[in-house]
Amino acid sequence: MPRYSITTFGCQMNVHDSERMHDVLRRAGYTEAGGPEEADVLVLNTCSVREKAEQKLRSEVGRLARWKRERADRVLVVAGCVAQQEGERLLKQMRAIDVVVGPDNIPELPGLLGDLSLGGLPIARTVFDLDAPRFLVASPSPSPASRVAPTAFVTVMKGCDERCSFCIVPYTRGPERYRPSDDIVAEIAALVAAGTREVTLLGQTVNSYSDPLGALPRAPGASADDPDESAFAALLRRIAADVPGLARLRYTSPHPRHLTPSLVLAHAELAVLPRHVHMPVQSGSDRVLRRMIRRYTRAEYVARTRALVEAVPGLTLSTDIIVGFPGETEDDFAATLSLVREVGFKGLFGFKYSRRPHTPALKLPDDVSEDVKGERLARLFEESEALLAAHLSGLVGTTQEVLVEGRDKERGHGGVGGALWSGRTGRHEIAHIEGAGELDLLGEVVEVSIARANKHSLQAELTEAARAAVRPRQRGGVEPGRPARRSLPVVAAEGG
Ligand code: SAM
């Protein structure tokens, strides 16, 4: 049986697309190799949102030319956003590549590999499924004996109709297409029945969701002048009602334009929505926001997020920010820093502006030097690290609920031989649980008390009540903390 390996670059959408490629290939009779070196088919699932990510693909393909030469029948596949962006050009530029496949063409991958094995020529398939959008579902569990990962992604929409001037996503992922709410609910119900506790709804602009079948009622709180604004809130309400066993329902990435009154009300009323939202703002300067074509002002962003925090006391916000966008002055950047302080973000992904093909901002000169971009990014992180440190140390001595996602990956936090468990609080803080190595905590929502704050995470201990409620680790069977569901090799996850 041919063996495959997938290497993933980029965001959660790519991680999820890789899961679907695993499924498609396994169903076609491929087995997973121990690593790229052992593979007959190697898939590089790529990101092109910043130039650096695209360069990584090019150097990786250069490195793999030797791997290809070692055996004539080895196949190199390039998938994801660079595949979609470059298409056939990739085959011409890099002879080591055999197949280029876009995100919407993942189901065709086994057929393309089959044609190649019969002597077909290298091929690029990058056609958007505009007429009949397909949403592949990754199966929750590969075998009855295995344990399902406590967290899972579920796609609700794909593509993007925003036209942010810096962003290549509308080009690489196409226009917005939405998945019927019945299918979304059915997938989540199946995941929860198999043991999943937390689902993250995925979409490029996830909160612009609209049900293609029009099956959702208008959500409470919808503003009278925009009756369509409530579809995403209605979807959240339907999931909460129809899948009561779900412990947590997150979503990413939302756009501030669609942070509507009905969505705020859903956050206030649905216990399944955790008290954390990632809401990309990109800049704190109205002048820059206008040039980015974000279609909101700083004041609107502040008002909408404030409404959310007022509706859900204790809710925290994180964000994405680009520094050094064309024409960004020191005053513009100072406005971004002051916004970070004003909103009090508890997490932040910061990026240096990077010129991307096919984007409107290409018309603007990239006039902020690399040095200035680097210096602004450092100041931005300094600000956000200080906010996070103050937030985390304020949690010491409190009690929190943690969804245990697996064994602690970070050694050296006091655990012995990786015996710590780790997970996330409802506000998405990472918590390492000490002194519970003998217990089977995978997938449990446990009560912990916070003992210490680390730089980016919390050190916690089970409360007595939690310790009494969970079962000891079983001998044999699947090792706790290692979900039998494959863990994908994620390279260069850049957040957002
Ligand atoms: N759809 C989301 C939105 O715009 O709200 C974000 C998706 S994007 C894959 C993740 C982040 O990458 C963006 O929020 C932005 O901060 C950053 N990004 C996108 N294009 C960029 C560019 N040309 N240069 C630097 N950062 C960029």
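- Side-chain atoms of Ser18 never come within 3.5 Å of backbone atoms of Thr8 as a donor-acceptor pair (strictly under, hydrogens ignored).
- For Glu108 and Arg134, the salt-bridge test passes: some basic side-chain N is under 4.0 Å from an acidic carboxylate O.
- When every heavy atom of Ala335 is checked against every heavy atom of Gly284, the shortest pair comes out as CB-O, 3.6 Å.
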Steps toward side chain to side chain contact (heavy atoms under 4.5 Å, CB included) verdict (Val41, Val99): CA-CA 10 Å; Val41 176; Val99 177; over 6 Å; no
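- Side-chain contact, Glu385 with His456: a donor N or O sits under 3.5 Å from an acceptor N or O.
- A donor-acceptor pair is defined here as one N or O able to donate and one able to accept, closer than 3.5 Å; no such pair exists between the side chain of Glu86 and the backbone of Val82.
- With rounding to the nearest 0.5 Å, the separation of SG in Cys11 from NE2 in His16 is 11.5 Å.
- Residues His22 and Tyr4 bring a donor and an acceptor atom of their side chains to less than 3.5 Å of each other.
- Put simply, the side chain of Val49 does not reach to within 4.5 Å of the side chain of Thr172, judged on heavy atoms.
- Considering every non-hydrogen atom in both Thr196 and Pro150, the closest pair reads CG2-O, 3.5 Å.
- At a threshold of 4.5 Å between non-hydrogen side-chain atoms, the residues Leu236 and Leu273 count as touching.
- Here CG of Leu246 is found 9.0 Å from CG of Leu191. Values are rounded to the nearest 0.5 Å.
- For Asp17 and Arg173, the salt-bridge test passes: some basic side-chain N is under 4.0 Å from an acidic carboxylate O.
- Side-chain atoms of His276 and Ser318 form a donor-acceptor pair, as typed in the model, at a separation below 3.5 Å.
- Between the Arg163 side chain and the Cys160 main chain, a donor and an acceptor come within less than 3.5 Å of each other.
- A salt bridge links Arg298 to Glu342: at least one charged side-chain nitrogen sits closer than 4.0 Å to a carboxylate oxygen.
- With values rounded to the nearest 0.5 angstrom, Ile188 atom CD1 is found 3.5 Å from Ile239 atom CD1.
- With hydrogens and angles ignored, the 3.5 Å screen pairs a side-chain donor or acceptor of Trp67 with a backbone N or O of Pro36.
- At most 12 non-hydrogen atoms from other residues, nucleotides or ligands lie less than 6.0 angstrom from CZ of Arg66.
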Apply salt bridge (Lys or Arg N to Asp or Glu O under 4.0 Å) to residues Glu330 and Arg376 and explain how you reach the verdict. CA-CA 9 Å; Glu330 186 53 35; Arg376 288 184 186 165; 3.6 Å; yes
Glu176 vs Ser208, test: side chain to side chain contact (heavy atoms under 4.5 Å, CB included). Steps then yes/no. CA-CA 9 Å; Glu176 291 185 5; Ser208 73; 3.0 Å; yes
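- Of the possible polar contacts, one joining the Asn14 side chain to the Phe9 backbone as a donor-acceptor pair under 3.5 Å is found.
- Note that the NZ atom of Lys352 and the CD1 atom of Ile321 stand 16.0 Å from one another [nearest 0.5 Å].
- Applying the ring-ring contact (aromatic ring centres under 6.0 Å, His included) test to Phe325 and every residue at least two apart in sequence or in another chain returns Tyr353.
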Step by step, work out the side chain to side chain contact (heavy atoms under 4.5 Å, CB included) result for Gln12 and Thr252. CA-CA 9 Å; Gln12 285 104 328; Thr252 197; 4.2 Å; yes
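- Atoms CG and CG, on Asp98 and Leu121 in that order, are 10.5 Å from each other to the nearest 0.5 Å.
- Using a 4.5 Å heavy-atom cutoff, the side chains of Phe333 and Val323 are in contact.
- A salt bridge does not link Glu37 with Arg74: none of the charged nitrogens is closer than 4.0 Å to a carboxylate oxygen.
- No more than 12 heavy atoms of other residues, nucleotides or ligands shown are found within 6.0 angstrom of CZ on Arg95.
- His258 and Thr205 are not linked by any side-chain donor-acceptor pair at a separation below 3.5 angstrom, with hydrogens and angles left out of the test.
- A donor-acceptor pair under 3.5 Å is absent between the side-chain atoms of Gln400 and the main chain of Thr425, judged by distance alone.
- Between the side chain of Tyr301 and the backbone N or O of Ser283, no donor-acceptor pair lies under 3.5 Å.
- In terms of heavy atoms, Ile293 sits closest to Ser165 at CG1-CB, 4.0 Å.
- Checked by atom type, the side-chain pair Ser262/Ser230 shows no donor-acceptor distance below 3.5 Å.
- Screening residues 273-290 for salt bridge (Lys or Arg N to Asp or Glu O under 4.0 Å), with sequence neighbours left out, gives Arg287-Asp332.
- Both tests do not hold together for Arg356 against Phe166: distance to the six-membered ring centre under 6.0 Å, angle to the ring axis within 45°.
- The pair Asp104-Arg177 meets the salt-bridge criterion, since a charged nitrogen lies less than 4.0 angstrom from a carboxylate oxygen.
- Donor-acceptor pairing under 3.5 Å is recorded for the side chains of Asn454 and Gln459.
- Of all heavy-atom pairs spanning Val372 and Val368, the tightest one is CG1-CG1, 3.6 Å.
- A salt bridge between Glu32 and Arg3 is absent, with no side-chain N of the basic residue lying under 4.0 Å from a carboxylate O of the acidic one.
- Here Glu429 does not pair with Lys346 in a salt bridge; the nearest charged N to carboxylate O distance is not below 4.0 Å.
- Looking at Glu162 and Arg294, no side-chain N of the basic residue comes within less than 4.0 Å of a carboxylate O on the acidic one, giving no salt bridge.
- Considering all non-hydrogen atoms of both residues, Phe351 and Leu377 come closest at N-CD1, 3.7 Å.
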Set out, in order, the CA-CA distance, both residues' side-chain angles and the distance that settles side chain to side chain contact (heavy atoms under 4.5 Å, CB included) for Phe232 and Thr260, then state yes or no. CA-CA 9 Å; Phe232 185 64; Thr260 57; over 6 Å; no
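- Ring pair Phe349/His278 is perpendicular by interplanar angle, where above 60° counts as perpendicular and below 30° as parallel.
- Of the possible donor and acceptor atoms, one in the side chain of Tyr296 sits under 3.5 Å from a partner among the backbone N and O of Val281.
- Of all heavy-atom pairs spanning Pro326 and Leu364, the tightest one is CB-CB, 3.6 Å.
- A donor-acceptor contact under 3.5 angstrom links the side chains of Ser48 and Gln85, judged on distance only.
- At least one side-chain heavy atom of Leu235 sits less than 4.5 Å from a side-chain heavy atom of Ile184.
- One finds no salt bridge joining Glu382 and Arg379 here, because no Lys/Arg side-chain nitrogen approaches an Asp/Glu carboxylate oxygen to under 4.0 Å.
- Between Asp129 and Lys158 a salt bridge is recorded (basic side-chain N to carboxylate O distance below 4.0 Å).
- Under the 6.0 Å cut-off for aromatic ring centres, His267 and Tyr251 qualify, their centroids lying closer than that.
- Arg179 contributes a side-chain N or O that, together with a main-chain N or O of Thr155, makes up a donor-acceptor pair within less than 3.5 Å.
- Residues Glu198 and Thr151 have side chains that never bring a donor and an acceptor to within less than 3.5 angstrom of each other.
- Here the OG1-CD distance, from Thr7 to Glu60, works out to 6.5 Å after rounding to the nearest 0.5 Å.
- Not a single donor-acceptor pair under 3.5 Å links the side chain of Glu383 to the backbone N or O of Leu380.
- Under a 4.0 Å N-O distance rule, the pair Glu54/Arg58 qualifies as a salt bridge.
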